[in-house]
Asks: 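Have a look at this one before I ask anything.
Note: hydrogens, waters and symmetry copies are ignored here, and every other heavy atom, side chains too, is used. Letters A, B, ... mirror the listed sequences (proteins, then strands); counts begin at 1.
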There are 2 protein chains.
Amino acid sequence: MNDSWLNKVNWAADGLVPVVAQDTASGRVLTVAWMNREALAKTVSSGEVHYWSRSRKKLWHKGEESGHVQKVKSIRLDCDEDVLLIEVEQAGGIACHTGRESCFFQRFEDGKWVVTDPVLKDPKDIYRK
Amino acid sequence: MNDSWLNKVNWAADGLVPVVAQDTASGRVLTVAWMNREALAKTVSSGEVHYWSRSRKKLWHKGEESGHVQKVKSIRLDCDEDVLLIEVEQAGGIACHTGRESCFFQRFEDGKWVVTDPVLKDPKDIYRK
């Protein structure tokens, strides 16, 4: 497989694009993170989502510590070719480092942000070595 | 309503955050665009999605030309407070400027990007004045 498909993506000046991960079962948007070329290539070759961690400045195999990997079901590109949408099977049903299903657990209600989703597993139990 | 809820959002150095618009009926991710404070404030006050157009460098009332406005059903914020997820009712069932339901109409298959979604309305008929 040549990598012309990687060139089709309009990588930003910093080499990244935003990536939306959506749960294939529930349809819920789980998380938005970032990929560079290497992350997308790894995601395709391994079948598990790899992001680029902007805070740690390194490739990040999602779930490498928690076990909450994201299995790729489909990868989509938008009309401007600068955003990816990945349909995933979420291991453990937990995408968020807070132990919740989705990172989008705060909802705007009457002028404030309200936490609406339960913690499914204590992060202390997710991340202990 | 004071605007402390706007300060809760971790606006990037350029004043923007990415925004995922998801269709409340189909669950489909329709588009990813950007908001600044003003766009989010307008979105909340009007009940229709306003983005910040990075190419045109101005506030953009989604659907202002096409009529394909997005009515806000809910607004969510992620754990890092730097991405918004908005559940919308999509007027006309068309979010994309190409006349398709979703901007994510290209799917990765066997090493290439394949257009999988039909054009529902010719853009010439959407945008003529």
Asks: I need the contact set between residues 47-62 of chain B and chain A: heavy-atom distance under 4.5 Å, sorted by residue number.
Replies: B:R54
Asks: Side chain, backbone, both or neither: which part of B:V9 has a heavy atom under 4.5 Å from chain A?
Replies: side chain
Asks: Kindly work out whether a path of hydrophobic side-chain contacts (I/L/V/M/F/W/Y, heavy atoms less than 4.5 Å apart) joins B:I86 to B:V44.
Replies: yes
Asks: According to the salt bridge (charged side-chain N to carboxylate O under 4.0 Å, His left out) rule, which pairs have a member within residues 34-47 of chain B, sequence neighbours left out?
Replies: B:D3-B:R37
Asks: Which atoms of B:V20 come close to chain A, meaning under 4.5 Å heavy atom to heavy atom: side chain ones, backbone ones, both, or neither?
Replies: side chain
Asks: Heavy atoms under 4.5 Å from chain A: which residues of residues 23-33 of chain B carry them?
Replies: B:G27, B:R28, B:V29, B:V32
Asks: To the closest 0.5 Å, what do you measure between CD (A:Q22) and CZ (B:F104)?
Replies: 9.5 Å
Asks: Would a single hydrophobic cluster contain both B:V69 and B:V88, if residues Ile, Leu, Val, Met, Phe, Trp and Tyr are joined by side-chain heavy-atom contacts under 4.5 Å?
Replies: no
Asks: Taking every heavy-atom pair that is under 4.5 Å apart, which of A:S74, A:C79, A:P18, A:S4 has the most such pairs with chain B?
Replies: A:C79
Asks: Pick whichever of A:L85, A:I75, A:L77 has the most heavy-atom pairs under 4.5 Å with chain B.
Replies: A:L77
Asks: Would you say B:I126 and B:V119 are hydrophobically clustered, going by side-chain heavy atoms of ILVMFWY under 4.5 Å?
Replies: no
Asks: Measuring from atom OG1 of A:T43 to atom CZ of B:F108, what distance do you get when rounded to the nearest 0.5 angstrom?
Replies: 10.5 Å
Asks: Tell me whether A:L40 shares a hydrophobic cluster with A:V17, the cluster being built from Ile, Leu, Val, Met, Phe, Trp, Tyr side chains joined at under 4.5 Å.
Replies: yes
Asks: I'd like to know whether B:R76 forms a side-chain hydrogen bond (donor to acceptor under 3.5 Å, both in side chains) with A:T116, so could you lay out the CA-CA distance, the side-chain angles of the two residues, the decisive distance to 0.1 Å, and finally the verdict.
Replies: CA-CA 10 Å; B:R76 288 177 171 273; A:T116 56; 3.0 Å; yes
Asks: Against chain A, label B:E81 side chain, backbone, both or neither, depending on which of its atoms sit under 4.5 Å from a heavy atom there.
Replies: side chain
Asks: Taking all atoms of both residues into account, what is the closest heavy-atom pair of B:R107 and A:K73, and its distance?
Replies: NH2-O, 4.1 Å
Asks: Does the B:W5 side chain pair with the main chain of A:W113, one donor and one acceptor, at a distance under 3.5 Å?
Replies: no
Asks: Applying a strict under-4.5 Å side-chain criterion to I, L, V, M, F, W and Y, I'd like to know whether B:M35 and B:L6 cluster together.
Replies: yes
Asks: As an exercise: rank B:V115, B:L84, B:D80 by heavy-atom pairs under 4.5 Å with chain A and give me the winner.
Replies: B:L84
Asks: If the condition is ring pair (Phe, Tyr, Trp, His ring centres under 6.0 Å), which residues does A:H97 pass it with, not counting sequence neighbours?
Replies: none
